[in-house]
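Step one of this worksheet: look at the structure below.
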Amino acid sequence: GSAHRRKGFSMTDIMKNGLSRRAFLGLGATAAVAAGAAGLAGCSPAASSGADAKSGADAPAAAGDAKYAWEVAPDPITDVKSTVDTDILVIGAGLAGCACAAAAAEKGGKVTVVEKTSSWNGRGGGFGAINSHYMDELGIEVDKVNAKQHWIAQCASRANEDLIVKFFNSSEEASNWLLAKAEAVGGSAMVGAFYSHDDVYAEQPGYHMLMIPEEAGLTSTGFAGAELCYNDAVKDGAEFVFDSPAVQLVKDGTKVTGCICDGKDGYVQYNASKGVVLCTGDIGGDLEMCKAYAPICAEYGQPRSQYTPVGVNTGDGHKMGMWVGAQLQDLPLPTMMHPQAFCWFHGPFLFVNDNGERFMCEDTWVQGKSLAINRQPNGEAWSIFDANWKTDLVNGLPYGGGMFWDSFRPYGSDLELAPQYFETQIPEYIKAGNAYQADTLDELAKQIGCDAATFKATVERYNGMCEAGEDTDYYKKPVFLTPVKEGPFYALKVGPALLAVPGGLRTNNDFQCLDAEGAPIEGLYALGNVMGDICAVDYPINVAGNIHGRCITYGYLLGPQLAGA
């Protein structure tokens, strides 16, 4: 695997090239989800050195007692070919790992980063911030009370409020730190206004997209955060070792003191005097782990994953951490699913399943849409609208948008840009076989493959409620009740895709992993999506891009902490 390759983009690029919804969403820096179910050959983590290692649940004493194969701590590796001494060992060169390494190295820390792929890894379109100097200049403010309370509510009150508040309080300083790196190479940021103003699913502004000029020489696609941090970390003396999967944590008594990696010439033991930081990403590339720990995504979300590099996010840090006694957060782990497996645009319009039947209130957030579609035949649905869709979309944007349906609008721009953009995308969806256009509802039903009478009855009932101004079937907000009457008619296929399983090992407020009794495991830390309790049950998209945001913020905080600065 390697990092994405593309230069920075401009608003003109967006309009010309049709930058996808995914390119603008925070996908989770060191973690989102892989399409491949299996890990790369030779990358399966091996053991901790403690035979008494416990997982966050019940630790099996032997293989025969284990519910899952990865719960068994393998025998300690003894045929180590060489050793490397460092102060801070970071496992994983995604956004969290690169941010931590850069922050530590600039404070004089001796840092080594080991990475299983052949490059640092970046993905997604931007990052979420609670504040930044760009937001100050634009007069944009996050309602911190609303944002934090919605975050907790969407996580069913199971997230760690102290850690969330730490992100809220330190996000501005950390964001400006990263933005300065972009500005140092001639870049800037655009703050998105694509957020919902809904009272129930309220979202906040603060999603930043980096605009990096081509002459800067970066190779990132979309969000360049990991590359910027990597470049500065190297400049400040951090060492990166690629193609070196971590397979086993090393302990001295109860303290984690290093890690063994499977290098090209055999096993290498890295000894870290100040700490080992797990930045290994999520479990989404391991289908069996998804079935065990996040089963709701396994049938449709995981196979339709849009994670890159494919197949590398196999829960390595989760496994290694549990083998030395680290505790998992409460199960099931939360999922981050977006209804973009087929078409990224679905609007505030009528949804029907493959049978032509309506099945949900469509004015909800991406996770709600994904879960409702997940329960339908074939795990897919169709967004149905008519010739007036552009007007209907613009009329709804002041109330919805964001993680509802609008994917790119820069702060303060003309709302008409949204239909102009999607007007270029719908023909591409049709060409790809994921959307249809027809002059009659009968013809559209035939293209979808459903019974025409059922489909037309669904549309007729929906149109009647639109005229009445009240949805007595699902109580959709009246502003989003737009009839389907005037041809041509459209059907866009919508299905859930898994971006991340943003849950993992429980930590304290200093990012130290905790054992089953809640005590910190000396020497072991976790950041990114191997870190638990920031999300629970669901991903709180009300602060869009918060996975990237907290990777930056927590890495920025932990690096100097370990460096002793």
Side-chain angles (χ1 to χ4, degrees), residues 29-30 48-49 77 80-116 120 170 174 177-178 181 226 228-263 267-280 316-317 320-321 324 326 505 507-514 520-528 530-531 551-565:
T30 56
S48 85
S49 58
I77 292 171
V80 173
K81 301 299 183 185
S82 60
T83 60
V84 176
D85 293 328
T86 189
D87 291 344
I88 303 161
L89 178 66
V90 178
I91 305 176
L95 180 57
C98 289
C100 183
E106 74 177 23
K107 298 298 185 181
K110 183 180 180 182
V111 185
T112 302
V113 183
V114 292
E115 163 61 37
K116 70 191 286 185
W120 53 267
S170 300
W177 171 76
L178 179 70
K181 296 182 185 302
L228 290 167
C229 288
Y230 166 77
N231 288 344
D232 280 2
V234 171
K235 192 184 307 178
D236 288 330
E239 180 187 5
F240 284 73
V241 185
F242 297 111
D243 299 309
S244 186
V247 293
Q248 172 183 321
L249 294 173
V250 176
K251 292 177 70 177
D252 182 2
T254 59
K255 180 180 180 180
V256 173
T257 57
C259 183
I260 295 174
C261 293
D262 189 2
Y267 291 118
V268 180
Q269 180 168 319
Y270 292 86
N271 300 315
S273 61
K274 293 186 176 180
V276 176
V277 188
L278 296 172
C279 299
T280 49
D316 299 4
M320 289 189 292
V324 297
L505 304 175
T507 74
N508 63 15
N509 290 347
D510 293 321
F511 314 114
Q512 285 180 287
C513 293
L514 303 178
I521 298 174
E522 189 178 359
L524 185 63
Y525 301 82
L527 298 176
V530 69
M531 177 187 183
C551 285
I552 296 161
T553 301
Y554 294 161
Y556 171 79
L557 294 173
L558 181 57
Q561 176 184 317
L562 292 178

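This is a predicted model, so every value here is computed, not measured.
In this structure, I91 and L249 have side chains that are in contact, with non-hydrogen atoms separated by less than 4.5 Å. Annotation: side chain of D87 is not in contact with side chain of L562 (no heavy-atom distance under 4.5 Å). The shortest side-chain heavy-atom distance between W120 and C229 does not fall under the 4.5 Å cut-off. Contact annotation: the side chain of C100 never approaches that of F511 to less than 4.5 Å [non-hydrogen atoms, C-beta and beyond]. Residues C261 and V241 have side chains not in contact (no heavy-atom distance under 4.5 Å, counting atoms from C-beta outward). At least one side-chain heavy atom of D262 sits less than 4.5 Å from a side-chain heavy atom of Y267. Contact check for S244 versus V268: no side-chain heavy atoms found under the 4.5 Å cut-off.
Distance check: Y230 OH to E115 CD gives 11.0 Å after rounding to the nearest 0.5 Å. The distance from atom OG1 of T257 to atom CD of Q269, rounded to the nearest 0.5 Å, is 6.5 Å. Within the model, atoms CG of L505 and CD1 of I521 stand 8.0 Å from one another, a figure rounded to the nearest 0.5 Å. Rounding to the nearest 0.5 Å places NZ of K274 at 6.0 Å from CD1 of I88. For the atom pair CG of L527 and OG1 of T280, the computed distance is 10.0 Å after rounding to the nearest 0.5 Å. Note: F240 CZ to T112 OG1 = 9.5 Å, rounded to the nearest 0.5 Å.
One N or O on the side chain of K110 and one on the backbone of D85 form a donor-acceptor pair closer than 3.5 Å. At least one donor-acceptor pair closer than 3.5 Å links the side chain of N508 to the backbone N or O of D510. Not a single donor-acceptor pair under 3.5 Å links the side chain of Q512 to the backbone N or O of P520.
Between Y556 and W177, the ring-plane angle classifies as tilted under the 30° and 60° cut-offs.
Minimum interatomic distance between V90 and C279 (heavy atoms only, all atoms of both residues): CG1-SG, 3.9 Å. Heavy atoms only, all atoms of each residue included: C513 and A326 are closest at CB-CB, 4.2 Å. Here the closest heavy-atom approach between residue M531 and residue A526 is recorded as SD-O, 3.7 Å. Contact between A104 and V111 at its shortest, heavy atoms only, is CB-CG2, 3.7 Å. Annotation for C551 and G528: closest pair SG-CA, 3.8 Å, computed over non-hydrogen atoms. The two residues V113 and A101 make their nearest non-hydrogen contact at CG2-CB, 3.7 Å.
With sequence neighbours excluded, no residue forms a side chain to side chain donor-acceptor pair (under 3.5 Å) with D236.
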